[in-house]
Asker: 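If you scroll down you'll find the structure; I have some questions about it.
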2 protein chains.
Amino acid sequence: MIDPACPDAIEPVLEILDGKWTLLLLRDLFNGIKRFGELRRSLHPISPKTLTDRLRMLEEKGIVTRTLYPGVPLHVEYELTERGQRLQPIFAAMRAWAQSEGTCPKKEASESLLLKQ
Amino acid sequence: MIDPACPDAIEPVLEILDGKWTLLLLRDLFNGIKRFGELRRSLHPISPKTLTDRLRMLEEKGIVTRTLYPGVPLHVEYELTERGQRLQPIFAAMRAWAQSEGTCPKKEASESLLLKQ
DNA sequence: CCGAATCCACTAAGATACTG
DNA sequence: CAGTATCTTAGTGGATTCGG
């Protein structure tokens with residue numbers, strides 16, 4: 001939809017980050033494997049349709065993998081691919097900006113968690 | 001719209017980056033002061049309404065400033081604020097990802113790259 | 001439990017024409 | 001030149017229900 005003219009290209013990222021919930025969804029996945037229901041509760045009040053839509057889109061673009069464990073009840077896990085993990089610096093930059101603006105009351109523990117990587 | 005629950009908060013950024021054209025618009029502004037017409041041509045085929053909407057939104061959020069130079073013909077300049085400039089690392093992270101994916105043909109290197117594989 | 005399938009509502013964005 | 005004023009369109013996202 002966007003012309004992929006090259007220098008300074010950020011268009012590929014824009015395609016992936018498109019959608020109201022995508023970034024929030026990725027934030028959850030950066031913390032590890034998640035099940036559908038977990039994501040749904042965490043992103044509340046997202047609708048199941050929207051969550052499915054976003055997950056499928058991310059799967060198509062090679063950002064997440066979907067693993068089905070057959071059985072009743074169903075068990076499905078979503079996990080970031082390598083490609084998806086590499087998006088984390090973008091997320092980190094956003095968090096850094098948000099904190100530099102002091103928009104957040106600023107819990108001092110939040111940073112030590114970040115340094116774990 | 002989005003619950004500003006705090007730890008790992010990226011919501012303030014999401015509010016700013018919202019909209020189909022916002023990031024592309026910011027990319028232009030990172031390169032310096034721009035006039036309305038310049039932005040319009042650069043972002044073609046954006047409509048004037050949309051461009052105005054986005055610029056006003058960014059102004060409201062303290063990301064850009066609008067300076068009117070009276071006279072005929074009209075002359076208006078848009079420039080990033082300090083706060084807006086600090087968004088650049090996010091943009092840089094996106095660009096880095098896009099290039100690491102090799103989504104871009106990479107110009108003259110593409111041929112030799114092809115031969116090596 | 002994890003979705004698929006509908007249907008609907010909302011709003012960002014586009015087209016177009018016009019003005020200070 | 002730099003917008004504003006309308007109107008229309010399209011695409012998400014929400015609500016709900018149902019199935020494997």
Side-chain angles (χ1 to χ4, degrees), chain A residues 1-3 10-11 13-29 32-61 63-80, chain B residues 1-3 10-11 13-29 32-61 63-80:
Chain A
M1 66 232 304
I2 292 172
D3 186 22
I10 53 171
E11 284 80 356
V13 180
L14 297 192
E15 263 178 57
I16 288 167
L17 266 39
D18 191 43
K20 178 176 168 186
W21 296 97
T22 308
L23 228 0
L24 299 170
L25 174 53
L26 287 174
R27 171 173 64 183
D28 277 4
L29 290 173
I33 299 173
K34 300 286 177 185
R35 297 183 57 175
F36 188 88
E38 283 184 279
L39 293 170
R40 187 176 176 184
R41 280 188 296 279
S42 168
L43 297 177
H44 183 268
I46 194 173
S47 70
K49 171 183 172 296
T50 303
L51 182 52
T52 301
D53 286 353
R54 290 303 109 200
L55 285 167
R56 291 280 181 278
M57 181 271 274
L58 290 172
E59 204 186 346
E60 242 175 63
K61 298 204 186 296
I63 304 300
V64 306
T65 57
R66 176 181 184 271
T67 311
L68 169 67
Y69 297 90
V72 176
L74 234 50
H75 183 109
V76 181
E77 288 182 350
Y78 294 93
E79 185 177 13
L80 285 176
Chain B
M1 51 233 72
I2 292 172
D3 186 23
I10 53 172
E11 283 81 355
V13 180
L14 297 193
E15 261 179 57
I16 289 167
L17 267 39
D18 191 44
K20 177 176 167 186
W21 297 97
T22 308
L23 228 1
L24 298 170
L25 174 53
L26 287 175
R27 172 173 63 182
D28 276 5
L29 290 173
I33 299 174
K34 300 288 176 184
R35 298 181 56 173
F36 188 89
E38 284 184 280
L39 293 170
R40 189 176 174 185
R41 280 188 297 278
S42 168
L43 297 177
H44 183 267
I46 194 174
S47 70
K49 173 183 171 298
T50 302
L51 182 53
T52 301
D53 286 352
R54 291 301 107 201
L55 284 168
R56 291 280 182 279
M57 181 270 273
L58 290 172
E59 204 186 346
E60 243 176 63
K61 298 205 186 298
I63 305 300
V64 305
T65 57
R66 175 180 184 272
T67 310
L68 168 66
Y69 297 91
V72 176
L74 235 51
H75 184 110
V76 179
E77 288 182 349
Y78 293 93
E79 186 178 13
L80 285 175

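Each chain gets a letter, A, B and so on, in the order its sequence line appears, and its residues count up from 1. Excluded from the calculations below are hydrogen atoms, water molecules and symmetry mates; all remaining heavy atoms, backbone and side chain alike, are included.
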Asker: Before giving the answer on side-chain contact (heavy atoms from CB on, under 4.5 Å), spell out for B:Lys49 and B:Asp53 the whole-Å C-alpha distance, their side-chain angles and the decisive distance to 0.1 Å.
Answerer: CA-CA 6 Å; B:Lys49 173 183 171 298; B:Asp53 286 352; 3.2 Å; yes
Asker: When the axes are fitted on five pairs at both termini, how much does the helix from C:dC1-D:dG20 to C:dG20-D:dC1 curve, in 10° steps?
Answerer: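 Roughly 50°, once rounded to the nearest ten degrees.
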Asker: If you check the A:Thr50 side chain, which of C:dG14, C:dC1, D:dG13 turns out closest?
Answerer: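 Nearest to the side-chain atoms of A:Thr50, counting from C-beta on, is D:dG13.
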Asker: Please state how far atom CG in B:Leu39 lies from atom C1' in D:dC1, giving the value in whole angstrom units.
Answerer: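 In whole Å, D:dC1 C1' lies 13 Å from B:Leu39 CG.
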Asker: What does the list of N/O pairs under 3.5 Å between the protein and nucleotides 3-7 of chain D look like, with a distance for each?
Answerer:
from  : atom 1 : to      : atom 2 : distance (Å)
D:dG3 : OP1    : B:Arg66 : NE     : 3.1
D:dG3 : OP1    : B:Arg66 : NH2    : 2.6
D:dG3 : OP1    : B:Tyr78 : OH     : 3.4
D:dG3 : OP2    : B:Tyr78 : OH     : 2.6
D:dT4 : OP1    : B:Arg56 : NH2    : 3.1

Asker: Going through the distances and angles, do B:Val64 and B:Leu25 end up as a side-chain contact (heavy atoms from CB on, under 4.5 Å)?
Answerer: CA-CA 11 Å; B:Val64 305; B:Leu25 174 53; over 6 Å; no
Asker: Using every non-hydrogen atom in the two residues, find where A:Glu59 and A:Arg66 come nearest and quote the distance to one decimal.
Answerer: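 Between these two residues, the closest heavy atoms are OE2-CB, 3.6 Å.
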Asker: Using the side-chain contact (heavy atoms from CB on, under 4.5 Å) rule, take A:Leu14 and B:Leu24 through it: C-alpha gap first, then chi angles, then the decisive distance, then the call.
Answerer: CA-CA 9 Å; A:Leu14 297 192; B:Leu24 298 170; 3.8 Å; yes
Asker: Whole angstrom is fine here: how far is it from CZ in A:Arg41 over to C1' in C:dC1?
Answerer: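 So the CZ-C1' distance, A:Arg41 to C:dC1, works out to 10 Å.
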Asker: Kindly give the heavy-atom pair with the smallest separation between A:Arg40 and A:Pro48, and that separation in Å.
Answerer: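 That would be NH2-CD, 3.6 Å.
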Asker: Expressed in angstrom and rounded to an integer, what is the separation of A:Tyr69 atom OH from C:dG3 atom P?
Answerer: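 Distance, rounded to whole Å: 13 Å.
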Asker: Separation of B:Leu23 atom CG from C:dA12 atom P, in whole Å?
Answerer: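 So the CG-P distance, B:Leu23 to C:dA12, works out to 17 Å.
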Asker: In whole angstroms, how far is the P atom of D:dG13 from the CH2 atom of A:Trp21?
Answerer: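 After rounding, the reported distance stands at 9 Å.
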Asker: Are the side chain of A:Ser42 and the backbone N or O of A:Glu38 linked by a donor-acceptor pair below 3.5 Å?
Answerer: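 Between the backbone of A:Glu38 and the side chain of A:Ser42 there is no qualifying donor-acceptor contact (under 3.5 Å).
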Asker: Please determine whether a side-chain nitrogen or oxygen atom of B:Arg35 lies at a distance below 4.0 Å from atom OP1 or OP2 of D:dC1.
Answerer: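 Checking D:dC1 against B:Arg35, no side-chain N or O comes under 4.0 Å of OP1 or OP2.
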Asker: Using whole Å, report how far CD of B:Glu38 lies from P of D:dA2.
Answerer: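 So the two atoms are 8 Å apart, to the nearest Å.
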Asker: Only counting residues at least two apart or in another chain, list the ones meeting side-chain contact (heavy atoms from CB on, under 4.5 Å) with A:Thr52.
Answerer: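 With neighbours one apart ignored, the set is A:Phe36, A:Arg56.
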Asker: How long is the line joining CG of A:Leu17 and P of D:dT12, in whole Å?
Answerer: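 Going from A:Leu17 (CG) to D:dT12 (P), I get 15 Å.
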Asker: Could you tell me how far apart A:Arg54 (CZ) and D:dG13 (C1') are, to the nearest whole angstrom?
Answerer: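 Taking CZ of A:Arg54 and C1' of D:dG13, I get 9 Å after rounding.
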Asker: Could you please spell out the steps behind the side-chain contact (heavy atoms from CB on, under 4.5 Å) verdict for A:Thr50 and A:Lys20?
Answerer: CA-CA 9 Å; A:Thr50 303; A:Lys20 178 176 168 186; over 6 Å; no
Asker: Do you know which two heavy atoms are closest between B:Leu74 and B:Arg35, and how far apart they sit?
Answerer: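 Result for this residue pair: O-NH2, 3.4 Å.
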Asker: Is the distance from OP1 or OP2 of D:dG11 to the nearest side-chain N or O of A:Lys20 less than 4.0 Å?
Answerer: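 Looking at the OP1 and OP2 atoms of D:dG11, neither is under 4.0 Å from any side-chain N or O of A:Lys20.
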